[in-house]
Asker: 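The structure is given below, and queries will be raised subsequently.
Reminder, nothing fancy here: chain letters follow the sequence lines and each chain counts from 1.
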Number of protein chains: 2
Amino acid sequence: MATIYEVSNLAGVSLATVSRVINKNSRVSDKTRQKVLDAMAELGYRPNSIAQSLASNRSNSVGILVSELHGPFFGQMMAGIEAELRAAGKHVIITCGHSEEDKEKDGIEFLISRNCDAIILHVEAVSDAYLIDLCKGKMPVYFMSRLVEGLNDNCISLDNELGGYLATQSVLEQGHSAIAYIAGPEFKADSKDRLAGHKRALADNNIAFSDTLYFEGDFKETGGSDGLKCFIESKQEFSALICANDEMASGAITYGREQGLSLPKDLSIIGFDNIIFARHTYPKLTTIDNPVNLMGHMAAKLVLKNIYKQKDMSITHSFEPTLITRDSVINKS
Amino acid sequence: MATIYEVSNLAGVSLATVSRVINKNSRVSDKTRQKVLDAMAELGYRPNSIAQSLASNRSNSVGILVSELHGPFFGQMMAGIEAELRAAGKHVIITCGHSEEDKEKDGIEFLISRNCDAIILHVEAVSDAYLIDLCKGKMPVYFMSRLVEGLNDNCISLDNELGGYLATQSVLEQGHSAIAYIAGPEFKADSKDRLAGHKRALADNNIAFSDTLYFEGDFKETGGSDGLKCFIESKQEFSALICANDEMASGAITYGREQGLSLPKDLSIIGFDNIIFARHTYPKLTTIDNPVNLMGHMAAKLVLKNIYKQKDMSITHSFEPTLITRDSVINKS
DNA sequence: TGTTAGAATTTTATCGTTACAATTCAAAGT
DNA sequence: ACTTTGAATTGTAACGATAAAATTCTAACA
């Protein structure tokens, strides 16, 4: 592969001039630029991005850590980040933390060691204290879907509390009052916030929160089936089930039907996230939209603005969930 | 950040010695090694991976191009590749091609310009000729889920023809004979092969392939709904529907029910890929398992073996699909 | 014609490693 | 004590670009 030396030789100009035409920023006369461009074309020259990185102390790469590479939720998120960054000529290095503290820390270390210019994290297991500490380091860190105290400017987050509220409120408005709730893992901030919203809606409507209609799930299909199983076996009365994400809702639907329930007549179910598949469950899932793709774009824009100094980036740090009404919740009256 | 130079100073040894303890391969006396290790620890030294790459002409990164970052299928694939590579200390640079020729070429160019040590491609729109040409270049290229003529050693592929055969055969065995087929885009090799398998099974059973019970879908939910709509509106008789992937099957299920069909009584449906969600459709989707996560691992192993010279890698180039029987296909008799 | 400012270009140092040839060292053999 | 030999270690030159200072042009103006 041709190097910048050969280009400069062929074009009869110095290294620096070639470098300057590559980096378009500073001025080169049209005549010279053309000579250089011709030489580059003739040699099939491609800048060596590694040498560029070493010399400029910029890797043009952004590290991304998500919990899982598969899964509809993270897919949308990565797609958003990648699209935005790719358009700006940056590349993404993706790794995953599996929602486990050690693996998340590991992944972060890994990305740091790869000399990313910034990292965007969707971490769930690691503590706020750790993150605050991390931010004191040299590597710029941004957070997706998580609000870390005092680091608001580095966070792109969803108002999960509001989402939880919306979900419960919408079910209440349909006349339900005995409502079961399957939460995500309690250590996850998303879960906690959604649950808080649920409780607020209950309180607003003077309905007591019942421990026996609460189940801590795992945000996966199994959480939904296990939770519903638990409620059914406890012989309690409830006409609606709120699941803290769509995967659990879908697990609950499958399990419910296996148990002979007619849905949504016997039980109304609402999810959270509005993953693509939500419209293909039966009944079609009423849920709370989580604009995670948009949020991915926004996280990328934040990096573009702060790290790569791109202008004209208007940043929204906080996103709002909205209710998506489909068929899985019916009016009780 | 401390450099190797400072480490060598503090340890009182040369640059080269430090470099050798970092790269564990060549011999250093235990005493010296310990001195260096201590110095590294004291300084909190971390090798600069970019400088390493420049000097060694190795970036320790593998480029990956998939059609989409979201979507259950690609998620599993990326997860497999990443897990394997990450365990070996390599990182992945991921980008996507959206199944469009220009974007795929663009993505490939992009990855090449990033100095990956190898690239793993899941491309659909680009021609074999282009790929054969690409392989003549300096960058090692591997293919996921695609068999390129003459490049077998670089491919990890699924026997799609067999999968198509299996799907149709299993439906035939349940007594169906009027079978509709919704294919993927005809330009995609996967689609073509699955369809070929379908036709072979039909032929084996002396059933004529009917153009009017064939629809070219898009591998997305809409393909399934549009296809089924088309068949229903044409007023033809058919008792089973084969969809070339699970997304389309799920779209068809949703649409079918909207049209008042009772599934699977009125219509048996089978999918392909066995995405996670397939077990949560209603009825639970009978489908063909596509071991794409395993294949991802294998593609990564292939790179580890060929490029990074890791021993003890046994490679399987070709994978076989298997039938997963659930509830969406019933016996017609 | 001679200045001079500003643009265009070149020179030289540097980024933090690895690679390789050259050198030193230590133990064994004569 | 003196080679020999292979292992351990060192010195120095890349790797391919960017950055900043230094220099040369160019054209306008006095």
Asker: The side chain of A/Arg27 lies closest to which of these nucleotides: C/dG16, C/dA8, C/dT18?
Answerer: C/dA8
Asker: Of the options D/dG16, C/dT9, C/dT17, whose atoms approach the side-chain atoms of A/Leu54 most closely?
Answerer: D/dG16
Asker: Do the side-chain N or O atoms of A/Asn48 get closer than 4.0 angstrom to the phosphate oxygens (OP1, OP2) of D/dC15?
Answerer: no
Asker: Pair up each side-chain donor or acceptor in residues 300-314 of chain A with any protein partner under 3.5 Å, not counting sequence neighbours, and list the distances.
Answerer:
residue	atom	partner	partner atom	Å
A/Asn306	ND2	A/Tyr142	OH	3.1
A/Tyr308	OH	A/Asp117	OD2	2.6
A/Lys309	NZ	A/Asn306	O	2.9

Asker: Among C/dT17, D/dT9, D/dT18, which is the nearest nucleotide to the side chain of B/Arg20?
Answerer: D/dT9
Asker: So, does A/Ser49 use its side chain to make a donor-acceptor pair with the main chain of B/Ser113 at under 3.5 Å?
Answerer: yes
Asker: Does a side-chain N or O of B/Ser29 approach OP1 or OP2 of D/dT9 to a distance below 4.0 Å, or not?
Answerer: yes
Asker: Any idea which heavy atoms bring B/Pro47 and B/Ile22 closest together, and the distance?
Answerer: CG-CG2, 4.3 Å
Asker: Between P on C/dG16 and CE on B/Met40, what's the gap in Å once rounded to a whole number?
Answerer: 17 Å
Asker: Using modelled atom types only, decide if a donor and an acceptor are shared between the side chain of A/Ser191 and the backbone of A/Pro185 within a distance under 3.5 Å.
Answerer: yes
Asker: More than 12 heavy atoms of other residues, nucleotides or ligands under 6.0 Å from CG of B/Asn152: yes or no?
Answerer: yes
Asker: CG of A/Asn60 versus P of D/dT18: gap in Å, rounded?
Answerer: 11 Å
Asker: Given atom CZ of B/Arg114 and atom P of D/dA17, what is their separation to the nearest angstrom?
Answerer: 14 Å
Asker: Assign A/Arg58 to base, sugar-phosphate, or nothing according to its heavy-atom contacts below 4.0 angstrom with the strands shown.
Answerer: nothing
Asker: Rounded to whole angstrom units, what separation is found between the CD1 atom of A/Ile50 and the P atom of D/dG16?
Answerer: 11 Å
Asker: For B/Thr17, which contact category applies under a 4.0 Å heavy-atom criterion: base, sugar-phosphate, or nothing?
Answerer: base
Asker: Measure from the side-chain heavy atoms of B/Ser56 and tell me the nearest of D/dT18, C/dT18, D/dG16.
Answerer: C/dT18
Asker: Residues in side-chain contact (heavy atoms from CB on, under 4.5 Å) with B/Ser56, at least two apart?
Answerer: B/Arg58
Asker: Checking the side chain of A/Glu104 only, and the main-chain atoms of A/Ala125 only, is there a donor and an acceptor separated by less than 3.5 Å?
Answerer: yes
Asker: Less than 3.5 Å apart, any donor N or O on the side chain of A/Gln34 or A/Asp38 sitting next to an acceptor on the other?
Answerer: yes
Asker: Categorize A/Asn57 for me: base, sugar-phosphate, or nothing, with a 4.0 angstrom heavy-atom threshold over every strand shown.
Answerer: nothing
Asker: Of all the choices, D/dG16, C/dT9, D/dT12, which nucleotide is nearest to the side chain of A/Ala55 once you look at every atom?
Answerer: D/dG16
Asker: Taking only residues two or more places apart in sequence or in another chain, which ones pass side-chain contact (heavy atoms from CB on, under 4.5 Å) with A/Ala39?
Answerer: A/Val7, A/Leu10, A/Ala11
Asker: B/Leu15 has an atom CG; how far is it from atom C1' of D/dA8, in whole Å?
Answerer: 16 Å
Asker: Bend angle of the helix from C/dT1-D/dA30 to C/dT30-D/dA1 from five-pair axes at both ends, rounded to 10°?
Answerer: 60°
Asker: Would you kindly give the CG-to-P distance between A/Asn23 and D/dG16, to the nearest whole Å?
Answerer: 17 Å
Asker: Tell me which of A/Ala16 and A/Lys31 sits closer to the 5' end of DNA chain D, going by the nucleotide each one is nearest to.
Answerer: A/Ala16
Asker: Report yes if at least one side-chain N or O of A/Ser19 is closer than 4.0 Å to OP1 or OP2 of D/dT18; otherwise report no.
Answerer: yes
Asker: Report the distance from atom CZ of B/Arg33 to atom P of D/dA7, rounded to the nearest whole Å.
Answerer: 15 Å
Asker: Could you identify which residues of residues 4-13 of chain A place a heavy atom less than 4.0 Å from some atom of DNA chain D, listed by residue number, or say none?
Answerer: A/Ile4, A/Tyr5
Asker: So, using side-chain contact (heavy atoms from CB on, under 4.5 Å) as the criterion, who are the partners of A/His297 when residues are at least two apart?
Answerer: A/Ala83, A/Glu84, A/Asn293
Asker: Taking the side chain of A/Gln52 as heavy atoms from C-beta outward, which of C/dA8, C/dT18, D/dT18 is closest to it?
Answerer: D/dT18
